[in-house]
There are 2 protein chains.
Amino acid sequence: MSGALKDAIRVERPAKTLRELALDKVREAIVNGYFRPGDRLVERDLCAQLGVSRTVVREVLRHLESEGLVANLPNKGPIVAQLDIEEAKQIYEIRGALEGMAARLCAERRSPEIVAALEESLAGIRNSYRDNDMSAVLTNTSSFYHTLFTMVDRNVAWGVVNLLTVRINHLRSMTIKTERRSIEGPLQMSKIVDAIRRGDGEGAYQAAMDHVAAASAIAEAVLSAKKPAD
Amino acid sequence: MSGALKDAIRVERPAKTLRELALDKVREAIVNGYFRPGDRLVERDLCAQLGVSRTVVREVLRHLESEGLVANLPNKGPIVAQLDIEEAKQIYEIRGALEGMAARLCAERRSPEIVAALEESLAGIRNSYRDNDMSAVLTNTSSFYHTLFTMVDRNVAWGVVNLLTVRINHLRSMTIKTERRSIEGPLQMSKIVDAIRRGDGEGAYQAAMDHVAAASAIAEAVLSAKKPAD
DNA sequence: AATCGTATTATGGCGTACCAGATACTGTAG
DNA sequence: CTACAGTATCTGGTACGCCATAATACGATT
């Protein structure tokens with residue numbers, strides 16, 4: 001049997017280790033608010049809730065810690081990381097720089113496939129907004145940026161953006177619910193696509209920056225309006 | 001006792017857990033080449049070498065995995081991550097974008113303190129080159145960028161850059177050994193400082209981009225010259 | 001009654017032992 | 001000399017136990 005083909009019939013295994021499953025569960029639980037920022041994450045409780053051993057739980061906590069989703073208080077143990085407004089702004093800023101970079105690269109490549117793929121994602125976002133399916137808005141937005149990065153083979157930058165994005169996920173879900181966002185969001189994204197279509201690197205860069213800047217502004221408003229009420 | 005002062009007399013403790021110590025050890029061992037890319041990291045061997053239990057070793061390996069220093073082959077276990085040239089280029093590119101951003105912010109702030117701090121680091125680099133102390137070159141370079149980011153309160157971006165940098169550390173130690181680098185490197189960095197001094201945001205951005213672009217080019221040359229000989 | 005010391009509890013940090021499943025290695029029988 | 005079975009190796013995962021520390025509750029002493 002010669003190399004290239006032997007993968008074709010390879011039996012697909014679950015392949016996910018228990019640890020990875022647990023990791024996803026806990027991350028999701030944090031991201032979608034089941035665990036609130038500041039909540040303590042007691043190892044033995046998590047063992048019970050997840051139905052896995054402490055070893056696995058601890059590895060998961062370590063992993064989330066290095067993702068910035070969990071903070072570890074010395075002698076007190078892990079808690080869900082608090083997101084302060086300053087940090088959130090920085091994350092948006094970084095995303096702007098990287099997404100702008102990717103957008104510029106897409107524009108410079110002048111490939112119709114990229115434009116097509118982006119427009120498909122964009123259509124998905126519009127549909128999700130129309131259907132009021134906010135969770136779908138998030139995943140489609142994610143896929144929009146995913147294509148933006150991967151079409152120009154920037155998987156590392158995409159990884160970084162992803163890593164940062166989970167930390168502000170609850171902010172994201174709040175910003176997209178803002179009234180004007182349902183109109184302005186897709187509009188700004190279509191400006192990115194337009195610039196890419198005309199091969200306007202600088203324009204694409206600016207449009208991408210503008211989009212996250214807008215998101216950042218909304219997030220800041222939301223966050224500063226909420227913290228005092230805490 | 002009123003809040004702001006109570007930290008002043010706080011007694012500080014060692015606070016480092018065994019896990020953190022082990023993490024640093026292993027990371028350093030990978031970064032400075034004691035473990036080579038592709039080497040298997042057998043858990044029980046590490047236990048013996050580090051003198052700690054498997055629990056700790058496993059958590060450390062998970063952590064390094066999420067840092068990208070260690071890769072995990074399913075059912076075969078962890079190995080030291082291989083750095084392919086494509087990934088290295090992407091990392092340099094991201095650093096360029098972020099360091100350029102930070103440099104621009106520094107320039108726009110027009111603060112003499114920033115310039116002073118940067119020049120001090122730069123002097124340190126020059127001295128280290130003069131003394132042929134390559135390890136000191138690396139730490140001083142690191143401190144140069146550290147000030148670049150932290151002086152404008154961009155600690156998140158600094159974290160990202162740091163995370164990425166460890167992955168290309170052996171490349172860094174090769175690029176700085178290049179003949180011309182000892183002259184051109186500091187020269188390019190002084191251009192960044194100059195632009196910041198004149199408050200030229202765009203110039204600082206470009207200078208920072210140029211610097212990493214040069215590093216990237218050298219790294220690519222080094223890497224592609226070495227891989228075939230492998 | 002206020003304060004101080006002590007016991008208890010909760011929890012993380014760490015270690016050990018064990019088992020199951022996958023893989024790599026090896027020696028032997030045909 | 002090959003095929004196959006057995007074995008060693010290693011990770012993935014689990015269970016359990018011990019110790020240190022922090023917080024809290026409680027009780028004693030002045």
Side-chain angles (χ1 to χ4, degrees), chain A residues 1 3 6-7 9-27 29-30 35-36 38-67 69-82, chain B residues 1 6-7 9-27 30 35-36 38-67 69-82:
Chain A
M1 189 174 315
K6 75 164 184 275
D7 283 351
I9 62 158
R10 186 171 206 88
V11 41
E12 192 99 14
R13 256 178 306 189
K16 282 254 189 185
T17 67
L18 197 54
R19 182 175 60 243
E20 291 172 287
L21 296 174
L23 176 62
D24 291 343
K25 283 276 185 207
V26 177
R27 189 193 291 121
I30 293 176
F35 293 126
R36 302 305 212 42
D39 279 3
R40 294 191 60 183
L41 298 170
V42 178
E43 292 180 2
R44 288 166 172 93
D45 291 355
L46 283 179
C47 293
Q49 290 184 51
L50 295 170
V52 297
S53 76
R54 248 182 101 198
T55 310
V56 171
V57 167
R58 292 185 55 136
E59 287 173 336
V60 166
L61 289 175
R62 277 341 128 214
H63 197 114
L64 293 172
E65 192 183 341
S66 72
E67 279 183 16
L69 272 182
V70 164
N72 229 324
L73 309 181
N75 291 323
K76 283 199 71 176
I79 63 170
V80 178
Q82 318 258 10
Chain B
M1 191 175 321
K6 73 163 184 275
D7 283 350
I9 61 159
R10 187 172 207 89
V11 38
E12 60 186 282
R13 262 173 306 190
K16 281 258 185 183
T17 67
L18 198 54
R19 181 177 63 244
E20 293 171 287
L21 295 174
L23 176 62
D24 291 343
K25 284 278 186 204
V26 177
R27 184 176 18 229
I30 293 176
F35 292 127
R36 302 304 210 43
D39 279 3
R40 293 192 62 181
L41 297 170
V42 177
E43 291 180 3
R44 283 163 172 97
D45 291 355
L46 284 178
C47 293
Q49 290 184 53
L50 296 171
V52 297
S53 77
R54 250 186 95 204
T55 312
V56 171
V57 167
R58 289 183 58 152
E59 286 173 332
V60 166
L61 288 173
R62 278 341 130 213
H63 197 113
L64 293 172
E65 192 184 341
S66 72
E67 279 183 17
L69 272 182
V70 164
N72 229 324
L73 309 181
N75 291 322
K76 281 198 69 178
I79 62 172
V80 178
Q82 317 259 11

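To find a chain, count down the sequence lines: A is the first, B the second, and so on, and within it residues start at 1.
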Open item on the list: Could you tell me how far apart B/Asn72 (CG) and D/dG13 (C1') are, to the nearest whole angstrom?
Closed with: 14 Å
TODO: Mind checking salt bridge (charged side-chain N to carboxylate O under 4.0 Å, His left out) for A/Arg54 and listing every partner two or more places apart, or none if nothing turns up?
DONE: A/Glu43
Task: d(CG, A/Leu61; P, C/dC14) in whole Å - done: 14 Å
Task: Phosphate OP1/OP2 of D/dT21: any A/Asn75 side-chain N/O under 4.0 Å - done: no
Open item on the list: Output the rounded distance in Å from CD (B/Glu59) to C1' (D/dG13).
Closed with: 14 Å
Task: Contact list for DNA chain D against residues 51-58 of chain B - heavy-atom distance below 4.0 Å - done: B/Arg54, B/Arg58
Open item on the list: Tell me the interatomic distance from A/Glu43, atom CD, to C/dG15, atom P, rounded to whole angstroms.
Closed with: 14 Å
Task: Nearest-neighbour nucleotide for the A/Leu18 side chain, C/dG13, D/dG12, D/dT14 considered - done: D/dT14
- [ ] Would you mind telling me which of C/dT11, C/dG13, D/dG13 lies closest to the side-chain atoms of B/Thr17?
- [x] C/dG13
- [ ] Send over the distance from A/Leu50 CG to D/dA15 P, rounded to a whole Å.
- [x] 13 Å
Open item on the list: Contact between B/Glu20 and B/Thr17 at the side-chain level, heavy atoms closer than 4.5 Å - yes or no?
Closed with: yes
Task: Whole-Å distance separating the CZ atom of A/Arg44 from the P atom of C/dG12 - done: 7 Å
- [ ] Quickly work out the B/Leu46 CG to C/dC14 C1' distance and round it to whole Å.
- [x] 17 Å
Open item on the list: Applying a 4.0 Å non-hydrogen cut-off, can you work out what A/Leu41 is touching in the nucleic acid: base, sugar-phosphate, or nothing?
Closed with: sugar-phosphate
Open item on the list: Just N and O in the side chain of A/Arg40: are any of them under 4.0 Å from OP1 or OP2 of C/dT11?
Closed with: no
Task: Residues that B/Arg27 engages under side chain to side chain donor-acceptor pair (under 3.5 Å), provided they are two or more places apart - done: B/Asp24, B/Glu67
Open item on the list: Could you measure the distance from the CZ atom of A/Arg62 to the CD atom of A/Glu59? Nearest 0.5 Å is fine.
Closed with: 9.5 Å
Open item on the list: What I'd like to find out is whether the side chain of A/Leu61 reaches to under 4.5 Å of the side chain of A/Leu46, using heavy atoms alone.
Closed with: yes
Task: Result of checking B/Val60, B/Val52, B/Leu50, B/Ile30 against B/Lys25 for side chain to side chain contact (heavy atoms under 4.5 Å, CB included) - done: B/Leu50
Task: Heavy-atom side-chain proximity of B/Val70 to B/Phe35 below 4.5 angstrom - done: no
